[in-house]
Amino acid sequence: MIAVFKFGVACAAALLVSTAARADESCKFRGDLDTIYCDENQNLIADAPKDASKLKNPKTILLSYSPQEDTATYEKMWSPYVQFMSQCLGRPMRFLQVHSSAATVEAMRSGRIQMSLLAAGDTPFAVNVAGAQPFAIHGNLINNKPTLMAYHLVMVVRADSPYKNLRHLVGKRVAHVSPSSNSGNLAPRALFPDEGLVPDKDYKVLYSGKHDNSIMSVINGDYDAAAIADDVLTRMIQRGAVKEGQLRVIYKSAPFPAGSLAMVHDLAPELRDKIISCTFQFKFPKELETAFRGTDRFVPLNYKNDYALVRKVADISGEAFTRAAFDKRKANEAKSTNAPATSPSSKK
């Protein structure tokens, strides 16, 4: 029985190798994408399957997100979009809560979800590992020209702290968000050294898990400072979770694209086009417009161009958006979270 089992495993492994080899032969360009995807038009995202039988047309669309803030708040915030899309598509869309960024990417790769609202740092992983196709981002029409929403990496300290610049944080307790977070980890590693502060050399990086964990833990005194996205702080102030003036910004970066809205690469063309059309018809209600700093709609996103700075920061910081890097991040994601007991995540 054991011999038969081993033989079966060996055959399966050989079949997988053979299938991968045939995929390699049939794909003329892949770039940084995982081996199960192809990018023959070289726009840096996965092409749709050439075999029509591999295209999917699900009866229900599941939308997920990169968990950066309180999950219940995020689901409530996006319920108007979910309701609008259900009506516009003529089929139900549902919001699926996930426990980690890695879970979001895995769900897209396995086909368990069809769409996701992704953080800037998670978008390249979703593109390369899960075949995600980012197509939209929050924005406005300015002089009839779509303008995407941007955010900044900021380092925040308590308003009553003595710290005035990054050099003052040498030897202090500084929070990053998670290994994959752009503003919460990659950008600090790439940009802070030029300001005289080197993460993991001048201070030990402590991962909090989420931006709001970092923010609340600085306020509570568990961290001396935190590297976060300024748009998250804005939303927390707007909903009363943080009071204006409790924190002080001692560093602000150049702008980054504020995440993405992406879909899987293998949807039927009619459904894919309908999702795009409906998304761009959706106008943000007042709550969303306020939460996202005056942006009132989704605008088109060009991943190759609009994410060039994010990819550059990753290169500088030594990050690789590969399957191997993703598997390592996934394995370390839970154990690398060192959020203090007073942080919001510890209560869930």
Side-chain angles (χ1 to χ4, degrees), residues 16-58 64 66 101-102 104-137 148 180 182 186 256-257 259-276 279-280 298-330:
L16 287 173
V17 171
S18 175
T19 302
R22 288 197 299 272
D24 286 343
E25 293 172 0
S26 63
C27 183
K28 297 176 182 177
F29 183 81
R30 181 169 289 109
D32 293 331
L33 302 181
D34 195 27
T35 55
I36 61 175
Y37 308 113
C38 196
D39 178 25
E40 293 190 349
N41 61 5
Q42 299 190 30
N43 65 352
L44 305 188
I45 61 177
D47 299 335
K50 295 178 181 178
D51 184 350
S53 66
K54 295 181 179 180
L55 296 171
K56 298 175 182 177
N57 192 14
S64 191
S66 294
S101 297
T104 307
V105 176
E106 283 285 11
M108 294 195 82
R109 180 181 172 92
S110 66
R112 295 196 302 274
I113 62 174
Q114 292 74 45
M115 297 178 65
S116 186
L117 293 151
L118 298 166
D122 293 331
T123 296
F125 270 120
V127 168
N128 292 348
V129 176
Q133 296 182 335
F135 69 96
I137 188 172
L148 60 83
S180 68
N182 182 63
L186 303 182
F256 291 95
S260 69
L261 175 61
M263 71 178 84
V264 293
H265 76 296
D266 56 357
L267 293 179
E270 298 82 4
L271 176 57
R272 177 199 64 214
D273 293 346
K274 187 68 172 176
I275 287 173
I276 294 173
T279 294
F280 292 142
F298 283 110
V299 297
L301 174 70
N302 183 306
Y303 175 74
K304 185 175 183 178
N305 297 332
D306 296 332
Y307 264 76
L309 180 58
V310 175
R311 295 192 299 271
K312 180 179 179 180
V313 162
D315 288 340
I316 295 172
S317 61
E319 179 67 53
F321 296 116
T322 63
R323 181 62 195 265
F326 174 76
D327 287 341
K328 182 179 180 180
R329 173 171 72 96
K330 183 174 62 172

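Keep in mind it's a predicted model, so treat the numbers as computed, not measured.
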Contact summary for [X] and [Y], nearest pair of heavy atoms:
X	Y	value
G131	A46	CA-CB, 3.9 Å
S66	L118	OG-CA, 3.4 Å
S101	D122	OG-OD2, 2.8 Å
R112	E106	NH2-C, 4.1 Å
V264	I113	CG1-O, 3.5 Å
A268	N57	CB-CB, 4.2 Å

Is there side-chain contact between [X] and [Y], with heavy atoms separated by less than 4.5 Å?
X	Y	answer
P124	V310	yes
V127	Y307	no
F135	I275	yes
C27	Y37	no

[atom1] of [X] to [atom2] of [Y]: how many Å apart, nearest 0.5 Å?
X	Y	atom1	atom2	result
Y303	Q133	OH	CD	12.5 Å
Q114	L267	CD	CG	6.5 Å
I137	N302	CD1	CG	11.5 Å
Q42	D47	CD	CG	10.0 Å
E270	R272	CD	CZ	8.5 Å
R109	H265	CZ	NE2	10.0 Å

Exercise. With distance as the sole test, does D39 use its side chain to make a donor-acceptor pair with the main-chain N or O of L44 at under 3.5 Å?
Worked result: yes
Exercise. Taking N43 for the side chain and I45 for the main chain, is one N or O donor matched with an acceptor at less than 3.5 Å?
Worked result: yes
Exercise. Looking just at side-chain N and O atoms, do S260 and T123 make a donor-acceptor pair shorter than 3.5 Å?
Worked result: yes
For this session: Carefully, step by step, assess F321 and F125 under the rule ring pair (Phe, Tyr, Trp, His ring centres under 6.0 Å).
Result: CA-CA 5 Å; F321 296 116; F125 270 120; 5.0 Å; yes
Problem set entry | Neighbour count above 12 (heavy atom, 6.0 Å) for D32 CG | no
For this session: Name all pairs fulfilling the salt bridge (charged side-chain N to carboxylate O under 4.0 Å, His left out) condition that reach into residues 304-314, sequence neighbours left out, sorted by first residue then second.
Result: none
For this session: Take D34 and F326, measure what side chain to side chain contact (heavy atoms under 4.5 Å, CB included) needs, and give me the verdict at the end.
Result: CA-CA 11 Å; D34 195 27; F326 174 76; over 6 Å; no
Exercise. Run the side chain to side chain contact (heavy atoms under 4.5 Å, CB included) check on M263 and I276 step by step: do they pass?
Worked result: CA-CA 9 Å; M263 71 178 84; I276 294 173; 3.6 Å; yes
